[in-house]
Amino acid sequence: MTNIFQKLSFVATTTVLSLSVINTNPVNAVSIIYDFEVNNLDGSLAGETYSGFFEFDDSALTGIGEEFLSVSELSFDFLGINYTEADGFPEVVFLDGDFLGLNFETDAEFSFLEGLFDSSDPFFSYNIPGQGEGASTDRQIGET
(Lines give C-alpha, C1' and ligand atoms only; values in the text may rest on other atoms or scores of the structure.)
Protein backbone atom coordinates (compact mmCIF):
# COMPACT_ATOMS: atom_id res chain seq x y z
CA MET A 1 0.00 0.00 0.00
CA THR A 2 2.83 2.38 0.83
CA ASN A 3 4.41 1.54 -2.50
CA ILE A 4 1.31 2.79 -4.43
CA PHE A 5 1.23 6.07 -2.46
CA GLN A 6 4.93 6.58 -3.09
CA LYS A 7 4.44 6.07 -6.83
CA LEU A 8 1.43 8.44 -6.93
CA SER A 9 3.34 11.02 -4.92
CA PHE A 10 6.30 10.74 -7.29
CA VAL A 11 4.04 11.11 -10.38
CA ALA A 12 2.24 14.14 -8.87
CA THR A 13 5.52 15.81 -7.90
CA THR A 14 7.03 15.17 -11.32
CA THR A 15 3.95 16.63 -13.05
CA VAL A 16 4.01 19.79 -10.90
CA LEU A 17 7.74 20.28 -11.51
CA SER A 18 7.28 19.76 -15.27
CA LEU A 19 4.54 22.37 -15.41
CA SER A 20 6.67 24.77 -13.36
CA VAL A 21 9.57 24.41 -15.78
CA ILE A 22 7.29 25.06 -18.74
CA ASN A 23 5.95 28.27 -17.19
CA THR A 24 9.25 29.72 -15.97
CA ASN A 25 10.16 31.14 -19.38
CA PRO A 26 7.08 32.99 -20.67
CA VAL A 27 7.19 34.77 -23.99
CA ASN A 28 7.40 38.52 -23.47
CA ALA A 29 6.60 39.51 -27.04
CA VAL A 30 4.88 42.85 -27.39
CA SER A 31 3.48 44.17 -30.66
CA ILE A 32 4.15 47.89 -30.98
CA ILE A 33 1.89 50.01 -33.20
CA TYR A 34 2.91 53.36 -34.70
CA ASP A 35 0.89 55.66 -36.88
CA PHE A 36 2.67 58.08 -39.17
CA GLU A 37 2.03 61.10 -41.32
CA VAL A 38 3.93 62.29 -44.37
CA ASN A 39 3.77 66.07 -44.84
CA ASN A 40 5.86 69.11 -45.69
CA LEU A 41 6.28 67.68 -49.16
CA ASP A 42 7.96 69.61 -51.91
CA GLY A 43 7.87 69.00 -55.65
CA SER A 44 4.65 68.05 -57.44
CA LEU A 45 2.97 66.89 -54.19
CA ALA A 46 3.62 70.10 -52.23
CA GLY A 47 0.87 70.73 -49.69
CA GLU A 48 -0.37 67.11 -49.64
CA THR A 49 -0.49 64.91 -46.53
CA TYR A 50 -0.56 61.10 -46.43
CA SER A 51 -0.85 58.73 -43.48
CA GLY A 52 -0.69 55.12 -42.36
CA PHE A 53 0.39 52.77 -39.59
CA PHE A 54 2.77 49.89 -38.95
CA GLU A 55 3.15 47.18 -36.33
CA PHE A 56 6.14 45.13 -35.21
CA ASP A 57 7.18 42.72 -32.45
CA ASP A 58 9.97 44.08 -30.25
CA SER A 59 10.84 40.81 -28.45
CA ALA A 60 14.10 40.39 -30.42
CA LEU A 61 15.34 43.89 -29.54
CA THR A 62 18.61 43.78 -27.57
CA GLY A 63 19.28 47.51 -27.26
CA ILE A 64 22.84 47.10 -28.50
CA GLY A 65 24.02 48.77 -31.71
CA GLU A 66 22.00 49.09 -34.89
CA GLU A 67 19.05 46.67 -35.10
CA PHE A 68 16.46 45.97 -37.78
CA LEU A 69 13.11 44.39 -36.92
CA SER A 70 10.57 43.12 -39.44
CA VAL A 71 7.24 44.89 -39.69
CA SER A 72 4.33 42.46 -39.37
CA GLU A 73 1.64 44.82 -40.64
CA LEU A 74 1.74 48.08 -42.59
CA SER A 75 -0.87 50.24 -44.28
CA PHE A 76 -0.06 53.43 -46.18
CA ASP A 77 -2.52 55.31 -48.39
CA PHE A 78 -0.63 57.14 -51.11
CA LEU A 79 -2.11 58.62 -54.29
CA GLY A 80 -5.30 56.58 -53.92
CA ILE A 81 -3.52 53.23 -53.43
CA ASN A 82 -3.22 51.35 -50.14
CA TYR A 83 0.28 49.89 -49.79
CA THR A 84 0.91 47.07 -47.31
CA GLU A 85 3.82 45.04 -45.99
CA ALA A 86 3.35 42.73 -49.00
CA ASP A 87 4.46 45.55 -51.34
CA GLY A 88 8.03 45.61 -50.03
CA PHE A 89 10.17 44.60 -47.08
CA PRO A 90 9.37 47.08 -44.31
CA GLU A 91 11.51 47.14 -41.21
CA VAL A 92 11.98 49.41 -38.22
CA VAL A 93 15.44 50.57 -37.23
CA PHE A 94 16.84 51.05 -33.73
CA LEU A 95 20.19 52.36 -32.54
CA ASP A 96 21.19 51.30 -29.03
CA GLY A 97 17.52 50.66 -28.25
CA ASP A 98 16.31 54.03 -29.55
CA PHE A 99 13.72 54.00 -32.33
CA LEU A 100 15.01 55.70 -35.50
CA GLY A 101 12.06 55.08 -37.81
CA LEU A 102 10.57 53.03 -40.61
CA ASN A 103 12.60 51.83 -43.58
CA PHE A 104 10.31 50.83 -46.47
CA GLU A 105 10.84 50.89 -50.23
CA THR A 106 8.50 49.69 -52.95
CA ASP A 107 8.44 49.31 -56.70
CA ALA A 108 6.06 52.30 -56.68
CA GLU A 109 9.02 54.71 -56.55
CA PHE A 110 8.63 56.00 -53.01
CA SER A 111 10.52 55.20 -49.84
CA PHE A 112 10.64 55.85 -46.12
CA LEU A 113 14.08 56.27 -44.63
CA GLU A 114 14.78 56.15 -40.91
CA GLY A 115 16.46 58.97 -39.07
CA LEU A 116 20.23 58.92 -39.05
CA PHE A 117 20.78 59.57 -35.34
CA ASP A 118 17.32 59.77 -33.74
CA SER A 119 13.63 59.60 -34.54
CA SER A 120 13.36 63.35 -35.24
CA ASP A 121 14.72 63.21 -38.78
CA PRO A 122 13.16 60.33 -40.75
CA PHE A 123 12.00 61.32 -44.20
CA PHE A 124 9.94 60.27 -47.20
CA SER A 125 10.98 60.60 -50.82
CA TYR A 126 9.05 59.99 -54.02
CA ASN A 127 9.39 59.98 -57.76
CA ILE A 128 5.67 59.93 -58.67
CA PRO A 129 4.87 62.16 -60.67
CA GLY A 130 7.94 64.26 -60.62
CA GLN A 131 10.26 64.11 -57.68
CA GLY A 132 10.30 65.40 -54.12
CA GLU A 133 10.64 64.64 -50.45
CA GLY A 134 9.07 65.50 -47.12
CA ALA A 135 8.97 64.74 -43.42
CA SER A 136 7.70 61.50 -41.94
CA THR A 137 6.42 61.83 -38.38
CA ASP A 138 6.07 58.56 -36.41
CA ARG A 139 4.04 58.31 -33.21
CA GLN A 140 3.59 55.20 -31.08
CA ILE A 141 -0.12 54.64 -30.49
CA GLY A 142 -0.26 51.33 -28.66
CA GLU A 143 1.01 47.95 -27.58
CA THR A 144 -0.73 44.60 -27.77
Side-chain angles (χ1 to χ4, degrees), residues 5-144:
F5 288 122
Q6 287 174 339
K7 288 180 182 178
L8 287 175
S9 176
F10 175 75
V11 169
T13 303
T14 304
T15 302
V16 169
L17 289 175
S18 297
L19 293 175
S20 296
V21 170
I22 290 171
N23 289 324
T24 58
N25 191 12
V27 176
N28 293 324
V30 175
S31 287
I32 307 295
I33 303 167
Y34 276 79
D35 67 357
F36 60 88
E37 185 173 272
V38 174
N39 54 27
N40 296 326
L41 294 166
D42 61 14
S44 60
L45 298 180
E48 298 293 326
T49 299
Y50 301 95
S51 62
F53 76 92
F54 57 90
E55 181 175 352
F56 63 95
D57 175 353
D58 74 345
S59 63
L61 192 62
T62 67
I64 300 170
E66 191 173 41
E67 298 179 87
F68 301 87
L69 302 177
S70 297
V71 170
S72 57
E73 187 174 359
L74 179 138
S75 177
F76 176 54
D77 293 317
F78 183 61
L79 297 176
I81 299 172
N82 185 313
Y83 294 92
T84 70
E85 67 281 355
D87 295 310
F89 300 100
E91 58 189 3
V92 290
V93 182
F94 288 82
L95 180 61
D96 295 328
D98 294 327
F99 177 76
L100 295 182
L102 174 67
N103 189 343
F104 180 52
E105 297 182 41
T106 69
D107 292 338
E109 307 253 351
F110 71 81
S111 61
F112 288 90
L113 298 172
E114 74 279 0
L116 295 177
F117 302 106
D118 61 43
S119 63
S120 68
D121 61 353
F123 69 96
F124 174 81
S125 65
Y126 68 92
N127 196 17
I128 315 172
Q131 186 174 355
E133 62 183 43
S136 173
T137 305
D138 304 322
R139 181 177 62 95
Q140 183 175 344
I141 59 170
E143 296 180 358
T144 59

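Atoms CG and CG, from Asp87 and Leu74 in turn, are 8.5 Å apart once rounded to the nearest 0.5 Å. Separation of atoms CD (Glu66) and CG (Leu100) is listed at 7.5 Å; rounding is to 0.5 Å. Within the model, atoms CD of Glu55 and OG of Ser75 stand 12.0 Å from one another, a figure rounded to the nearest 0.5 Å. Rounded to the nearest 0.5 angstrom, Thr84 OG1 and Glu73 CD are separated by 9.0 Å.
With a 6.0 Å radius and a threshold of 12 heavy atoms from other residues, nucleotides or ligands, Phe89 has its CZ atom at or below the threshold. Heavy atoms from other residues, nucleotides or ligands lying under 6.0 Å from CG of Asp107 number 12 at most.
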- Start with the C-alpha gap between Phe54 and Phe112, add the side-chain angles, then the distance that decides, and say whether ring pair (Phe, Tyr, Trp, His ring centres under 6.0 Å) holds. CA-CA 12 Å; Phe54 57 90; Phe112 288 90; 8.3 Å; no
- Decide yes or no on side-chain contact (heavy atoms from CB on, under 4.5 Å) for Ile32 and Val92, but give the supporting numbers first. CA-CA 11 Å; Ile32 307 295; Val92 290; over 6 Å; no
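Aromatic ring centroids of Tyr34 and Phe99 lie under 6.0 Å apart. Taking the six-membered ring for Trp, Tyr50 and Phe110 have ring centres at least 6.0 Å apart.
The two atoms that bring Ser111 and Glu105 nearest to each other are CB-CG, 3.4 Å, heavy atoms only. Between Leu69 and Phe94, the shortest heavy-atom contact is CD1-CE1, 3.8 Å. Val71 and Phe56 get closest at one heavy-atom pair: CA-CB, 4.2 Å.
A donor-acceptor distance shorter than 3.5 angstrom exists from the side chain of Tyr126 to the backbone of Ser44, with no hydrogens or angles considered. No donor-acceptor distance shorter than 3.5 angstrom exists from the side chain of Glu91 to the backbone of Asn103, with no hydrogens or angles considered. Judged by distance alone, with hydrogens and angles left aside, the side-chain atoms of Asp96 form a donor-acceptor pair with the main-chain N or O of Gly65 at under 3.5 Å.
Contact annotation: the side chain of Pro90 approaches that of Leu102 to within less than 4.5 Å [non-hydrogen atoms, C-beta and beyond].
Of the listed residues (Phe78, Phe76, Phe53), just one forms a ring-ring contact (aromatic ring centres under 6.0 Å, His included) with Phe36, and that residue is Phe76.
Neither side chain, Glu37 nor Thr49, offers a donor N or O lying under 3.5 Å from an acceptor on the other.
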